[in-house]
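First the structure, in the form of structure tokens, and then the observations on it.
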Amino acid sequence: MSNSYKWIGTRPNRPDGADKVTGRARFGADFNMPGQLIGKVLRSPHAHARIRSIDTSAAAALPGVKAVVTAQDFPDQPNVVVPTGEMQVNLRDVTRNVMAREKALYEGHAVAAVAATTEAVARQALALIKVDYEVLPHVIDVEAAMKDDAPVLHDHLITEGVKPAPERASNIAKRMDNVKGDVEAGFRQAEVVIERRYATQPVHQGYIEPHATLASAAEDGQVQIWSTTQGHFQVRGFCSRLLGVEASQIRVTPSEIGGGFGGKTVVYLEPVAMRLSQKTGKPVKMVMSREEVFRASGPAPGGTVSVKIGARRDGRIVAAECTVALQAGAFPGSPLGPACWTSFACYDIDNIKVVGFDVVSNRPKVAAYRAPGAPISAWAVESTLDILAQELGMDPIDLRLKNAAKKGTKTSYGPTFDTIGFIETLEAVKSSAHYRSPVKPGMARGVAAGFWFNVGADSSAAAHVAEDGTVTVISGNPDIGGSRASLALMAAEELGVDYDKVRPVIADTSSIGFNFVTGGSRVTFATGLAVVNSVKDMIRELKVRAAKTWKVDPEAVVWENGHARPAGSNVGEFEPLSLADLAASAGRTGGPINGHAQLNAQGAGPGFGVHVVDLAVDRDTGVVTIDRYTAAQDVGTAIHPSYVEGQLQGGVVQGVGWALNEEYIYNAKGKLDNPGFLDYRMPVASDLPMIETILVEVPNPHHPYGVRGVGEVPIVPPLAAVGNAVARATGVRMTDLPMSPPRLSAALDAATPRMAAE
């Protein structure tokens, strides 16, 4: 990082820190209004069932019940695909996920909702709603759903991407193909070929705060919504479309967010609360229970991945194939594209073929989860690379260095990389104290790499000078990873003023222009670029105001270190004017001093990470103990290094949970058996050592401060890094996740049969 920066690269206190540690911050469930009603949802007990009829009369007649809604209260939607965070959804499916229409497609699927004066009355009303179900055969697993004789979820679903188009419906929503070079010719050059099949299970993002919303519809048709969300403009857009209300009539305010990781880029409660409020004329508050979060919100998908890699004996990879099948849940739209595109993106390989399948099954519709799709394909590819390294007798870092993507590498999905830092990140790990240290007795070391594109998209920002010369920076993205601090730091740097003179504010949908969701590691890059441009716009105005004060041309004024100064001695002898000076005279020079910017940001620099882990395996119990973990990543420029380190550490924790314990467990009836944190095993502090980080800074040339998104990449390598270490520790290669104690113990027992006496 350049030492010329005053604020960028420093570690000031977070703007929202005091409110959060003192309990003053207001999260989704903290919002209340006088006279509010409580909304609750009736959910299907069946994994797959046709809804013959719904009788809500008894519930509606219960004293205290003010409204009941079913799918009939939501207009049907066209077959139109729209973006949602890092994924795509079909409006026809969104309205059916919000409220089941023809069929209930998973256990927990919403089929009706009530608004009542108390939660107790609302629950009593749910029990009075009579639903006549025709229970249908269900299918849970992705491979079973792809079979010809599988129960079909959607009679209209014809596989996209297949020519000629199939004549009958199936659960395969889409096939995707990416080809680079000649794979068959490449494998003919190979001296070593490794081929394996892998599987993962759906995992939840694990956010601590459940989904919550409060909606208030006024008599004039205007609606206000408060919601815990990663994208309040998206909430507005979906509520507008699903309920036929103009977007200008809906005002959405985001609460503080108690975790999201992609899982809060979806609407579940908001349209329901809005419709209930419209029917009652009262505010309606809805909060999911933890069980509802698990049964009815979107996890990351599970899937299967087959990988084939061919290389020469010197370690050069000459061909690579990958087939990915992802479980989308009840409706099409798994992160299939990212899973396919990221699979070999770390490597410069001439011949690549990737095939992907998007598959529906009787589970909740999946949602994004940090680098959606990428950890699944990386689990398979990076595990196979480790097998290849062992076969060739090569150091796993050296194998990756020999094949590393660099500037000018053309990806299998089309783009050619600009400036990237994968090689620098590999070299940083290889020279790290961790990697140079000997492996402790009884332990083993695993290595894996990961990639994420990072994205830009639409952002708006504004900057205002207050009467005392302080600055307010306004953005429209919920802060889920430190964006308030990063935006304030860039604004302070651009203006040349102290960080504590800049206040970052997250505005509601009526107070700032449109902003795409907080996701894809886009906010510090894209909204940061909008903030920088809004400050530049404000500086142009500040120079105009100084010019009026001095009675010179604006071109004769420069802005340096928070002051307007004459551009040269020939302009005249004038004392520099600070922000406070210019603000004090604003009424005489043209009024309030503001800046605005809006853009569709392009040039998001992709990110690469390399992780190394040391661990031990108890061969009797299958328990894995992680002793040391280091995560290195090309972070572009670390605007606030503490936040960046936290992103890396958080991704590691979630990835380790994915690798070792986390999974959705369904029984034979298609019901989730572990819908709570007691039985859904996430890592806690005692499960992990202090996670070391290495911040490699290769600035993104398409951002004035070199920003690359950092939040997605850290979850990509841990699955394979842990798996590779487990394989080296035990001699048993696990190919299905999670590597939980029962599974790992069983695999070790199978590999080493015990005597009867044992």
Side-chain angles (χ1 to χ4, degrees), residues 47-48 87-89 93 97 105-109 136-154 157-162 166 169-177 196-204 294-295 298-307 321-340 342-343 354-369 372-381 383 658-659 662-674 719 734-739 743:
H48 193 194
M87 298 165 65
Q88 302 279 322
V89 296
D93 297 337
N97 197 40
L105 292 162
Y106 54 92
E107 184 222 6
H109 199 167
L136 302 171
H138 67 273
V139 61
I140 292 292
D141 296 321
V142 66
E143 289 185 320
M146 295 175 73
K147 293 180 179 179
D148 290 339
D149 60 350
V152 174
L153 274 67
H154 304 282
L157 192 60
I158 302 297
T159 307
E160 291 183 38
V162 176
S170 76
N171 295 320
I172 302 174
K174 184 176 183 178
R175 174 184 168 126
M176 174 180 290
D177 291 82
R196 294 289 189 279
R197 176 204 169 277
Y198 303 84
T200 70
Q201 296 299 317
V203 297
H204 199 267
F294 273 101
R295 294 193 191 279
T304 61
V305 188
S306 297
V307 174
E321 279 187 350
C322 181
T323 300
V324 183
L326 291 189
Q327 163 262 322
F331 301 98
S334 70
L336 180 65
C340 291
T342 61
S343 56
V354 182
V355 179
F357 298 95
D358 184 39
V359 185
V360 297
S361 61
N362 294 114
R363 298 173 180 257
K365 169 74 174 72
V366 300
Y369 182 15
I376 297 170
S377 53
W379 155 242
V381 170
S383 296
W658 200 335
E662 295 183 41
E663 63 175 322
Y664 273 38
I665 300 172
Y666 280 87
N667 62 29
K669 293 183 178 180
K671 294 189 175 185
L672 185 64
D673 276 345
N674 59 334
L719 288 65
M734 299 292 288
T735 57
D736 292 2
L737 294 182
M739 295 174 283
R743 287 184 177 181

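Values below: every heavy atom of this structure, side chains too, minus hydrogens, waters and symmetry copies. Bear in mind the structure is a predicted one, so any value in this text is a computation, not a measurement.
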side-chain hydrogen bond (donor to acceptor under 3.5 Å, both in side chains) partners for Gln201, two or more places apart = none
Residues that His138 engages under ring pair (Phe, Tyr, Trp, His ring centres under 6.0 Å), provided they are two or more places apart = none
Quick one: list whatever passes salt bridge (charged side-chain N to carboxylate O under 4.0 Å, His left out) with Glu663, sequence neighbours left out.
-> Arg743
For Ala374, enumerate each residue passing the side chain to side chain contact (heavy atoms under 4.5 Å, CB included) test, keeping only those at least two apart in sequence or located in another chain.
-> Thr342, Ala371, Trp452, Val716
Mind checking side chain to side chain contact (heavy atoms under 4.5 Å, CB included) for Pro364 and listing every partner two or more places apart, or none if nothing turns up?
-> Tyr106, Pro299, Tyr666
Check side chain to side chain contact (heavy atoms under 4.5 Å, CB included) between Glu107 and all other residues, then give those that pass, not counting sequence neighbours.
-> Arg295, Lys671, Leu672
Taking only residues two or more places apart in sequence, or in another chain, which ones meet His48 in a side-chain hydrogen bond (donor to acceptor under 3.5 Å, both in side chains)?
-> Lys103
When rounded to the nearest 0.5 angstrom, what distance separates CG in Leu326 from NZ in Lys174?
-> 12.0 Å
Using ring pair (Phe, Tyr, Trp, His ring centres under 6.0 Å) as the criterion, list what pairs up with Tyr198, not counting sequence neighbours.
-> Trp379
Arg196 meets the side-chain hydrogen bond (donor to acceptor under 3.5 Å, both in side chains) criterion, sequence neighbours left out, with none
Check side chain to side chain contact (heavy atoms under 4.5 Å, CB included) between Pro137 and all other residues, then give those that pass, not counting sequence neighbours.
-> Pro151
Please list, chain by chain and in numerical order, all residues satisfying salt bridge (charged side-chain N to carboxylate O under 4.0 Å, His left out) with Asp141, sequence neighbours excluded.
-> Arg363
Does Asp673 have any side-chain hydrogen bond (donor to acceptor under 3.5 Å, both in side chains) partners at least two apart in sequence or in another chain, and if so, which?
-> Asn667
